[in-house]
Every structure is written in C-alpha cells, then in structure tokens.
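Not measured: the values here are computed from a predicted model.
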Number of protein chains: 2
Amino acid sequence: MIGTEQGAFRALSDPTRRQILVHLSHSEMTIAEVSARFEITRGAIKKHLTILEEGQLISVRSFGRERINRLEPLGMKQANDWLNYFSRFWDDKLNNLKSAVETHEKTRKHKEINDD
Amino acid sequence: MIGTEQGAFRALSDPTRRQILVHLSHSEMTIAEVSARFEITRGAIKKHLTILEEGQLISVRSFGRERINRLEPLGMKQANDWLNYFSRFWDDKLNNLKSAVETHEKTRKHKEINDD
DNA sequence: ATTAAATAACACCATTTGGTATCATTTATA
DNA sequence: TATAAATGATACCAAATGGTGTTATTTAAT
C-alpha cells in the first residue's frame with residue numbers, strides 16, 4: 001500500500017475542485033471558461049487548477065495566450081485503485097463484513113490482536 | 001452529482017487517516033491499539049478517528065471503558081461511487097478519451113462551448 | 001477503597017488552506 | 001501601434017488543520 005495517491009486525494013478533498021472535475025468531464029476548458037462557472041475569483045480558480053494538476057487529475061496545455069485544462073486519468077485512477085482495496089467492505093456486505101466481525105470478536109475475546 | 005461524499009473525501013485527504021483505514025481493514029481496534037501503530041500522540045489519533053467517523057469511514061462502539069473503531073462501508077462506497085462517474089476516463093483510455101478530445105477540438109474551433 | 005487504564009475535553013500553537021486584491025506579462029486585435 | 005484579453009505572480013487575510021500538553025471522567029483491577 002505504498003502509494004502515490006496523496007496528491008490526488010488532497011485535490012479531491014475540496015468540493016469546488018470536485019465540481020471543476022465534473023465540468024471538465026463534459027469538455028476541456030480554459031481558465032476563464034472554468035471560472036465563468038463559479039462565483040469565486042479567477043485567482044482562486046487558478047489555484048484550484050494548480051492543485052488539480054499537481055494531483056494529476058488534470059493536464060494543462062498552452063494554446064496562444066490560453067491554458068486549456070483537460071481531465072487527466074492518472075490521478076483519478078490512483079485514487080480509485082486505492083479505494084478499491086477496500087471494495088470487499090461494501091461489496092457483498094452481508095457476507096464478508098459479517099464474517100470479519102465474527103473473526104474480530106473471537107480475536108478480541110482471546111486477546112491475541114497482533115496484526116499491523 | 002449532488003453528493004454526500006464531502007465528509008468522506010475530507011477524511012481521506014490525510015495520509016495518517018488513510019493509514020488508519022488500512023490498519024482497521026485488518027482488524028477493528030481501540031483508540032490505544034490504533035495509536036500504538038503511530039508515532040504521534042493519542043490525542044492526535046483521537047482527532048483523526050473523529051474525522052473518519054464524521055465521514056462515515058469508520059463506526060465506533062463502546063465496550064466498557066474502550067471505544068472500538070471499525071471500518072464502515074458507507075463512506076467508502078460514497079467516495080468510490082463519486083470516482084466511478086469518471087471511470088470512462090481511465091477504462092478503455094485509447095477509445096473513449098480520444099473521441100472525447102476530438103469532440104472538444106471541434107467544439108472549440110466553432111466557439112460553441114456551452115455545457116455546464 | 002485505591003490505583004491504574006482508557007478515553008474525553010480543553011486550551012494552545014504553527015502551518016496550510018481558500019479566498020481576495022493588485023500588478024506584471026504575454027498575446028490578439030482594432 | 002495601442003489596447004484589450006488571458007493569464008501569472010505576489011502579498012495579504014481569516015479560518016481550518018494537525019499537532020501538543022494538561023486536566024477531568026469513567027471503568028477495571030488489586
């Protein structure tokens with residue numbers, strides 16, 4: 001579980017940034033086009049886009065004086081892969097989770113907790 | 001895309017909290033057991049556990065003077081579901097993403113960008 | 001009944017975060 | 001060329017964050 005997902009999770013933690021990603025899932029946009037969709041200043045949007053780029057959730061390319069922001073799969077995938085490690089906890093909940101609980105009960109009763 | 005995932009993503013943004021989740025995926029633990037696995041103080045761990053609980057990534061139950069922390073599927077699933085909306089951007093990358101880019105190129109050329 | 005263990009609840013601190021406003025730079029366009 | 005547009009960069013601010021240390025409370029054990 002040594003991961004490179006920190007940048008992605010950090011970027012995903014802000015609701016404005018997640019909204020930006022949804023907008024960019026419809027079409028790539030310049031900074032001005034993104035900030036037209038929000039009430040906050042362009043400066044704030046630019047900071048959000050920088051953080052999204054650092055998390056490799058978007059990529060940016062220059063086109064004249066414009067910077068075109070586009071969804072980048074890598075960061076998305078890193079975050080998704082990390083979460084998928086836990087998928088057994090919500091898939092087949094009644095089966096896997098229940099048996100896990102029973103195992104823990106027994107473990108606790110016998111005071112043999114030792115995993116890291 | 002109106003979501004309740006904010007608490008989960010907020011909780012997931014800190015690497016210590018993500019590590020705690022990995023530990024809890026092996027076995028449920030008391031606060032003392034969790035903090036034994038980290039260098040920081042128990043007080044700091046308690047704060048992290050509170051944030052994880054708020055994000056519904058763990059649940060806490062009392063057992064005598066102990067508080068037993070257990071992985072909670074709901075928050076996990078909320079974050080996963082949100083990310084899955086974007087899965088087409090990393091699944092079949094060469095096909096879907098490429099055609100999306102081409103669509104956007106045309107849109108840009110014609111200056112008809114209008115989605116929100 | 002005392003004492004120790006597990007946790008809760010604070011107050012406090014330094015740093016980060018999300019935002020603003022302002023000014024500079026680069027690139028199109030009249 | 002002069003001007004407008006798009007962005008970059010910086011300084012600044014209030015609030016949130018991640019951490020500490022200390023004290024109080026509840027529960028278990030001698």
Side-chain angles (χ1 to χ4, degrees), chain A residues 6-24 27-55 57-70 75 104 107-111 113, chain B residues 6-24 27-55 57-70 75 104 107-111 113:
Chain A
Q6 173 56 25
F9 275 118
R10 182 220 180 186
L12 287 167
S13 70
D14 183 86
T16 299
R17 286 194 290 266
R18 289 199 307 278
Q19 270 187 259
I20 291 175
L21 292 175
V22 173
H23 286 309
L24 293 180
S27 129
E28 54 181 26
M29 296 180 195
T30 65
I31 298 179
E33 286 167 347
V34 172
S35 53
R37 285 156 172 83
F38 294 88
E39 296 304 307
I40 60 181
T41 62
R42 186 186 46 75
I45 293 291
K46 171 58 163 58
K47 283 190 185 178
H48 283 312
L49 290 170
T50 299
I51 292 171
L52 286 168
E53 191 183 10
E54 287 170 354
L57 293 164
I58 68 170
S59 59
V60 186
R61 71 176 194 280
S62 289
F63 187 78
R65 63 183 161 181
E66 298 177 341
R67 296 294 192 292
I68 301 177
N69 301 273
R70 183 170 85 184
H104 299 151
T107 302
R108 178 157 305 282
K109 203 170 294 177
H110 293 171
K111 306 210 176 208
I113 294 169
Chain B
Q6 173 55 25
F9 276 117
R10 182 219 181 189
L12 287 167
S13 71
D14 183 87
T16 299
R17 286 194 290 265
R18 290 198 306 279
Q19 271 187 256
I20 292 175
L21 293 175
V22 173
H23 286 310
L24 293 180
S27 129
E28 54 181 27
M29 296 179 194
T30 66
I31 299 179
E33 286 166 346
V34 172
S35 53
R37 285 157 172 83
F38 295 87
E39 296 304 306
I40 60 181
T41 60
R42 188 184 47 72
I45 293 291
K46 171 58 163 59
K47 284 189 185 179
H48 283 310
L49 290 170
T50 299
I51 291 171
L52 286 168
E53 192 183 10
E54 286 169 354
L57 293 164
I58 68 170
S59 60
V60 186
R61 72 176 193 280
S62 289
F63 187 78
R65 61 182 161 181
E66 298 176 341
R67 298 295 149 72
I68 302 177
N69 301 273
R70 183 170 85 184
H104 300 150
T107 302
R108 180 159 305 283
K109 201 171 293 177
H110 292 171
K111 306 210 174 208
I113 294 171

Trainee: Could you give the CG-to-P distance, from N69(A) to dG8(D), as a whole number of Å?
Mentor: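 After rounding, the gap between these two atoms is 9 Å.
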
Trainee: Rounded to the Å, how far apart are F63(B) CZ and dT26(D) C1'?
Mentor: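 The distance from CZ of F63(B) to C1' of dT26(D) comes to 16 Å, rounded to the nearest Å.
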
Trainee: Take the protein atom CD of E39(A) and the nucleotide atom P of dG18(C), then report the distance between them rounded to whole Å.
Mentor: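 Computing the E39(A):CD to dG18(C):P distance gives 19 Å.
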
Trainee: Report the distance from atom NZ of K47(B) to atom C1' of dA11(C), rounded to the nearest whole Å.
Mentor: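 Computing the K47(B):NZ to dA11(C):C1' distance gives 10 Å.
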
Trainee: Hey, which sits more toward the 5' end of DNA chain C by its nearest nucleotide, I31(B) or I51(A)?
Mentor: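 Whichever sits nearer the 5' end wins; that is I31(B).
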
Trainee: Round to the nearest Å and state the distance from K46(B) atom NZ to dA6(C) atom P.
Mentor: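 It works out to 16 Å between those atoms.
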
Trainee: Test your reading of the model: is there a side-chain donor-acceptor pair from Q6(A) to the backbone of S13(B), 3.5 Å cut-off?
Mentor: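 Yes, the answer is positive, given that a donor and an acceptor are paired below the 3.5 Å cut-off.
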
Trainee: Okay, side chain of R17(B), backbone of I45(B): is any donor-acceptor separation there less than 3.5 Å?
Mentor: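 Absent.
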
Trainee: Provide, to the nearest angstrom, the distance between the CD atom belonging to Q6(A) and the C1' atom belonging to dT17(C).
Mentor: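 Atom CD in Q6(A) sits about 14 Å away from atom C1' in dT17(C).
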
Trainee: Less than 4.0 angstrom between a side-chain N/O of T41(A) and OP1 or OP2 of dG19(C), yes or no?
Mentor: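 No, because none of the side-chain N or O atoms of T41(A) sits under 4.0 Å from OP1 or OP2 of dG19(C).
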
Trainee: Rounded off to whole Å, could you give me the CD-to-C1' distance for the E54(A) and dT17(C) pair?
Mentor: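 About 13 Å, once rounded to whole Å.
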
Trainee: dG19(D), OP1 or OP2 - any side-chain N/O from H48(B) closer than 4.0 Å?
Mentor: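 Yes, such a contact exists.
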
Trainee: Are R67(B) and S62(B) linked by a side-chain donor-acceptor pair shorter than 3.5 Å?
Mentor: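 Yes - a donor-acceptor pair under 3.5 Å links their side chains.
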
Trainee: Could you work out which one of dG19(C), dT20(D), dT17(D) sits closest to the side chain of A44(B)?
Mentor: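 Nearest to the side-chain atoms of A44(B), counting from C-beta on, is dT20(D).
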
Trainee: Using a 3.5 Å distance criterion without hydrogens, assess whether the side chain of N69(A) forms a donor-acceptor pair with backbone atoms of V60(A).
Mentor: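 No; judged by distance alone, with no hydrogens or angles, the pair does not exist.
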
Trainee: Is there a donor on the side chain of R65(A) or the base of dA28(C) sitting less than 3.5 Å from an acceptor on the other?
Mentor: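 Side chain to base: no pair below 3.5 Å.
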
Trainee: Rounded to whole Å, please give me the gap between CZ in R42(A) and C1' in dA9(D).
Mentor: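 In whole Å, dA9(D) C1' lies 10 Å from R42(A) CZ.
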
Trainee: Verify the contact: side-chain N or O of R67(A) to OP1 or OP2 of dG8(D), cut-off strictly under 4.0 Å; return yes or no.
Mentor: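 Yes, R67(A) has a side-chain N/O under 4.0 Å of OP1/OP2 on dG8(D).
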
Trainee: Taking for each residue the nucleotide of DNA chain C with the nearest heavy atom, is it R10(A) or V60(B) whose nucleotide lies nearer the 5' end?
Mentor: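 Mapping each residue to its closest nucleotide by heavy atoms, the 5'-most match is V60(B).
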
Trainee: Passes side chain to side chain donor-acceptor pair (under 3.5 Å), R37(A) versus Q19(A)? Steps please.
Mentor: CA-CA 10 Å; R37(A) 285 156 172 83; Q19(A) 270 187 259; over 6 Å; no

